[in-house]
Amino acid sequence: METIKNDLKKVILDKKIILVDVKDKKAVKSVFADFLKVLSGNEFEDILRVGKLLAFKLKRNEYLLIHLKMTGQLIFCDKKKCIAGGHNFPAAENNPTKFTRAVFKFANKSELYFNDMRRFGYLKIVDDDNFKKIKKAYGVEPISKEFDLKNFKKTIQGKKKNIKAVLMDQSLIAGIGNIYADEVLFEAGIMPTRPAGRLSEKEQKEIFKAIKIILKRAIKHRGTTFSDYLDAKGEKGNFTRFLRVYGRAGKKCYKCRGIVKKIKIGGRGTSFCPKCQK
DNA sequence: AAGATTGTTGCTTA
DNA sequence: TTAAGCAACAATCT
């Protein structure tokens, strides 16, 4: 989401929105007429990110919220090229696809496609007050300065839930999902099943450090399932190569050469190394 | 063909 | 009252 936000900020700000072609009304979680009314003729002034939620700031203190959930994509196209963000998208140049739920059309003929195969994602207009309320429901931004060791210790203090569930709890820490939770705990050498409140000082510090390292690395690689243009051969990009434990069940651990295991925690697939993570 | 899949919400239970 | 646990949401792929 951080990558998508940064990429889109370069191209869609201060462009007049001529119309929004909504192909799937279910994707819009506001009163439909209001949604169109707020957007038409408006402009995006900024893009903010709250955890995995994107907030496109509009004129008159309103925001377009976009959540991509599992399979959402945002693809911006102008005359020259398409840039894209989101999960496993097909050829950016083939838009609209059968999964295109809405198209934002700008005055200069450029377009923003909201695609979503599984239809979990949504678009929503909120005012300033509402946005503040939504933001409040999220925990600290882990890449911010405000998130320091002291803050983290306080966050996990007394928690009986396992550490993986705590890392993924958006109301505690914003933005860590299933993949990065596994990566963080592998980096820190901690078993995902450990009750968060019973980790030692040293372990807490290791996890804190790992959060910073993993997120920094992920952003450096432009996110996990982000792929940009098709290359000259028409092949899809793949940027999951920097992952060290997620999706590697049955393979050799990069640290100890033992076998990476997979279990279920809270209904989610969880990859870990039983030898390296205690 | 059953079980898996990157996220969140809202209900039930403790 | 709050925290934890879990099904549900939908559509694909293996």
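A, B, ... follow the sequence lines: proteins, then strands. Residue 1 opens every chain. Predicted model, so just to flag it, every value in this text is computed and none were measured.
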When you look at A:Arg194 and A:Glu203, which way does the salt bridge (charged side-chain N to carboxylate O under 4.0 Å, His left out) test go after all the steps? CA-CA 11 Å; A:Arg194 295 277 302 280; A:Glu203 290 170 330; 2.8 Å; yes
Separation of A:Leu199 CG from A:Met191 CE (nearest 0.5 Å): 12.0 Å
Length of the line joining A:Asp24:CG and C:dA11:C1', which is rounded to integer Å: 13 Å
Euclidean distance, atom CE of residue A:Met70 to atom P of C:dC9 [Å, nearest integer]: 14 Å
Among B:dG7, B:dA4, C:dA11, the one nearest any side-chain atom of A:Lys262 is B:dA4
Cationic tip of A:Arg248 above A:Phe186 ring, under 6.0 Å, 45° of axis: no
Using Watson-Crick or G-U wobble geometry with both distances below 3.5 Å, tell me the partner of B:dG7, or none. C:dC9
Reckon A:Gly269 touches a base, only the sugar-phosphate, or nothing at all at heavy-atom distances under 4.0 Å? sugar-phosphate
Rounded to the nearest Å, what distance is computed from the NZ atom of residue A:Lys29 to the C1' atom of nucleotide B:dT9? 11 Å
Indicate whether OP1 or OP2 belonging to B:dT8 is found under 4.0 Å from a side-chain N or O atom of A:Lys52. yes
In this structure, is the centre-to-centre distance between the rings of A:Phe104 and A:Phe76 below 6.0 Å? no
Whole-Å P distance, B:dA1 and C:dA10: 23 Å
Could you give the CD1-to-P distance, from A:Ile179 to B:dA4, as a whole number of Å? 17 Å
C:dA4 OP1/OP2 closer than 4.0 Å to side-chain N/O of A:Lys160: no
Under-4.0 Å side-chain N/O to phosphate OP1/OP2 contact, A:Lys161 with C:dC6: no
Could you work out which one of C:dA4, B:dT8, C:dA11 sits closest to the side chain of A:Met117? C:dA11
To the nearest Å, give me how far apart CG (A:Asp116) and P (B:dT6) are. 15 Å
Test A:Lys164 against A:Thr270 for side-chain hydrogen bond (donor to acceptor under 3.5 Å, both in side chains), laying out the working first. CA-CA 9 Å; A:Lys164 174 164 180 181; A:Thr270 301; 2.8 Å; yes
Whole-Å distance, A:Arg101 CZ to C:dA11 C1', equals 9 Å
Face-to-face contact A:Phe120 to B:dT8 six-ring, under 5.5 Å, under 30°: no
Using only heavy-atom distances, decide whether a donor-acceptor pair under 3.5 angstrom links the side-chain of A:Arg119 to the base of B:dT8. no
A:Asn178 side, atom CG; A:Asp182 side, atom CG - distance, nearest 0.5 Å: 5.5 Å
Separation between the P atoms of C:dT1 and B:dT9, rounded to whole Å: 22 Å
Does A:Lys264 put a side-chain nitrogen or oxygen below 4.0 Å from OP1 or OP2 of B:dA4? yes
note: A:Ile176, atom CD1; B:dT6, atom C1'; distance rounded to Å ~ 14 Å
For A:Gln170 and B:dG7, is the shortest distance between a side-chain N/O and OP1 or OP2 below 4.0 Å? no
Take atom CD1 of A:Ile163 and atom P of C:dA3, then tell me their distance rounded to the nearest Å. 16 Å
What's the gap between C:dA7 and B:dG3 when it is taken at their P atoms, as a whole Å value? 14 Å
A:His67 side-chain N/O to B:dG7 phosphate OP1/OP2 under 4.0 Å: no
If only side-chain N and O atoms of A:Arg118 are considered, is one of them under 4.0 Å from the OP1 or OP2 phosphate oxygen of C:dT12? no
